[in-house]
Amino acid sequence: MYISKRTGALSITLFVIILLLIKIGTHDSSQNHVPSQLKVLNEDAIEHMAVQSNTGSDESDQKVSTIPHKFEKTLMVDRGTTRKLWSVKNAAQLWGELAVPENYDQISHVMKQRGELVRRTCTLLRLQGHDMTHRPSAFHVFRDYKMGWCPVYKAGSSNWKKYLTHLTGIDKECEMFKREGARGSCLHNKLQRFNHPAIDPNSISSTLNFLVVRHPFERVVSAYRDKIQAADKLVYYNKIGRFAKVKYRSLPSNLTSEERDKMIAKADNLIKSRKQDVYNRSFDNPYMDPPGPTFVEFSKAVLHDNKRDMHWAVYEKWCAPCHSNYASIVKFETLNIDNLYVLKQHGLNITGFEFHTNPTSNGGTRDSMWKSYFRELSRDLLTRYRERYRVDCLLFGYDCDISQFFPH
């Protein structure tokens with residue numbers, strides 16, 4: 001009797017242990033599984049992406065935690081004719097090169113690869129859908145030219161705005177404004193007549209849609225430098241700059257709250273005076289040293305307090321690439337050749353289009369600059385940036401591995 005009871009207890013114990021081992025084994029295998037579809041995305045296949053479902057809720061809460069931190073390098077065919085084309089710096093010469101069918105076909109092939117990466121990634125992340133909540137936040141339709149455009153700000157949108165306002169004759173409606181800022185505002189407002197954010201891009205027959213993308217981290221730095229850093233654009237100072245500086249700036253421990261409030265008020269008055277020497281003088285005021293928020297302060301406001309703006313909006317939300325068919329995905333790193341390809345694709349000419357003279361990454365002119373800003377960030381902020389833009393990095397083949405910014 002004693003032996004049978006002991007044997008029964010041992011059997012139950014062994015059964016529990018076996019169940020636990022099975023559960024652990026199943027968990028491990030699901031975590032390490034790499035979908036076979038990912039291995040054939042292109043000839044340089046993505047190194048490793050353990051993708052599980054993601055519903056893509058709020059842009060500040062992208063729960064794609066099972067996707068690893070290394071991403072495929074920018075998806076480009078950068079050899080042979082295509083590589084030669086990307087090195088051309090003269091607009092007229094490049095336009096002539098694109099007239100050669102072989103060269104045009106090379107760029108077409110690259111565009112198809114980029115589109116294929118978007119489609120497969122959307123499928124794997126289960127991000128497709130066609131309800132109204134998944135329409136682009138901004139989408140311009142130019143029916144006369146069979147063109148649809150999602151303007152991504154801080155990714156070469158100014159060039160396209162100038163060209164399209166010229167193409168549609170809007171620029172003549174704003175000729176009375178001599179000051180650059182006022183004229184720019186007029187052009188922007190007039191262009192809104194073509195803005196149809198509620199439209200389904202897939203419902204417009206025979207329209208070729210395109211968007212321009214840029215490395216998400218580089219775009220954040222560009223937005224910060226242009227709109228926030230100098231505190232010289234009051235709209236952005238009032239919207240986020242002042243908040244970031246006041247909330248996150250380190251102050252002397254002996255300051256009273258009354259002294260702090262007086263310093264804030266004085267700094268506000270100096271900045272709003274718009275006097276140029278304000279930015280070149282030294283002040284005994286921590287809120288003027290510097291006048292605008294640092295990149296760390298700005299990043300905390302964006303990531304901790306969810307301060308949003310179209311200049312650093314998530315592509316997946318702003319242009320809805322998983323729910324819209326984009327015939328061309330222009331990359332800022334190869335902006336000139338890609339832009340001219342889109343013009344050729346729509347049967348348009350180069351007249352009035354401004355050639356971009358300072359491309360990044362491939363040209364190597366600004367790559368180290370934006371990375372220097374990210375090296376200022378803590379691991380927590382780097383991780384938050386990675387999580388926020390992780391889907392964008394996957395969709396468009398950008399390397400968003402944050403370990404490159406860790407101190408060695």
Side-chain angles (χ1 to χ4, degrees), residues 88-96 98-99 136-199 201 204 206-214 219 222-223 225-227 232-236 274 309-313 318-319 324 326-332 334-360:
V88 175
K89 303 300 181 185
N90 180 276
Q93 181 186 349
L94 192 54
W95 188 250
L98 271 179
S137 299
F139 193 80
H140 293 70
V141 179
F142 304 90
R143 295 183 186 274
D144 291 346
Y145 305 97
K146 298 181 179 180
M147 175 187 287
W149 172 52
C150 180
V152 176
Y153 300 98
K154 301 313 300 176
S157 62
S158 296
N159 285 23
W160 277 105
K161 274 189 177 182
K162 290 177 182 177
Y163 179 77
L164 292 169
T165 53
H166 172 75
L167 186 69
T168 55
I170 290 176
D171 56 346
K172 295 179 181 177
E173 301 176 27
C174 299
E175 286 179 345
M176 74 284 292
F177 296 99
K178 303 302 179 185
R179 192 164 60 86
E180 185 178 349
R183 190 168 186 273
S185 297
C186 174
L187 292 172
H188 176 80
N189 293 333
K190 295 287 185 182
L191 194 60
Q192 296 312 300
R193 71 179 65 163
F194 298 97
N195 188 14
H196 302 278
I199 201 168
I204 312 170
S206 71
T207 296
L208 295 174
N209 307 319
F210 77 98
L211 78 161
V212 184
V213 296
R214 182 181 194 175
R219 180 167 164 253
S222 178
R225 284 167 55 86
D226 181 39
K227 307 295 182 184
D232 56 348
K233 294 179 173 63
L234 290 183
V235 171
Y236 282 90
R274 297 197 176 201
D309 185 79
M310 60 187 179
H311 292 88
W312 52 85
W318 185 255
C319 289
S324 312
Y326 289 99
S328 296
I329 297 170
V330 174
K331 288 203 168 183
F332 196 78
T334 53
L335 190 62
N336 292 329
I337 182 65
D338 291 356
N339 278 342
L340 297 190
Y341 169 83
V342 172
L343 292 179
K344 286 275 190 186
Q345 188 181 41
H346 288 88
L348 301 172
N349 60 55
I350 196 174
T351 304
F353 196 90
E354 291 189 9
F355 203 61
H356 193 71
T357 56
N358 190 25
T360 62

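We count residues from 1, following the sequence as given.
Within the 4.5 Å cutoff, no side-chain heavy atoms of Phe332 are placed close to those of Arg219. Between Trp160 and Phe353, some side-chain heavy-atom pair lies under the 4.5 Å cut-off. When side chains are defined from C-beta on, Phe194 does not count as touching Leu164, because their heavy atoms never get closer than 4.5 Å.
In terms of modelled atom types and a separation under 3.5 Å, the side chain of Tyr326 and the main chain of Cys319 share a donor-acceptor contact. For Gln192 (side chain) and His188 (main-chain N/O), a donor-acceptor pair under 3.5 Å exists by modelled atom type. With His140 contributing its side chain and Pro151 its backbone, the two residues share no donor-acceptor pair below 3.5 Å. At distances below 3.5 Å, not a single donor-acceptor pair connects side-chain atoms of Arg143 with backbone N or O atoms of Thr207.
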Item to check | Audit row: Ser222, Arg214, side chain to side chain donor-acceptor pair (under 3.5 Å) steps and yes/no | outcome: CA-CA 10 Å; Ser222 178; Arg214 182 181 194 175; 3.3 Å; yes
Item to check | side-chain contact (heavy atoms from CB on, under 4.5 Å) assessment of Thr165 paired with Lys190 | outcome: CA-CA 8 Å; Thr165 53; Lys190 295 287 185 182; over 6 Å; no
Checklist entry - For Leu167 and Phe142, what are the C-alpha separation, side-chain angles and deciding distance, and is it a side-chain contact (heavy atoms from CB on, under 4.5 Å)? => result CA-CA 10 Å; Leu167 186 69; Phe142 304 90; over 6 Å; no
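Expressed to the nearest 0.5 Å, how far NZ of Lys172 lies from CD1 of Ile170 amounts to 12.0 Å. In this structure, CG on Asn209 lies 11.0 Å from CD1 on Ile329, to the nearest 0.5 angstrom.
Smallest separation of non-hydrogen atoms from Val213 and Ala155: C-CB, 4.4 Å. The minimum heavy-atom distance between Arg183 and Asp171, with the atom names listed, is NH2-O, 3.7 Å. Contact between Tyr145 and His346 at its shortest, heavy atoms only, is O-CD2, 3.6 Å. Across all their heavy atoms, Leu191 and Trp149 have their closest contact at CD2-CZ3, 4.2 Å. Across all their heavy atoms, His196 and Arg193 have their closest contact at NE2-O, 4.0 Å. Of all non-hydrogen atoms in Asn349 and Trp95, the two that sit nearest each other are CA-CZ2, 3.9 Å.
Listed by chain and number, the residues in a salt bridge (Lys or Arg N to Asp or Glu O under 4.0 Å) with Lys154 are Asp226 (sequence neighbours excluded). Remark: Arg179 engages no residue in a salt bridge (Lys or Arg N to Asp or Glu O under 4.0 Å) (not counting sequence neighbours).
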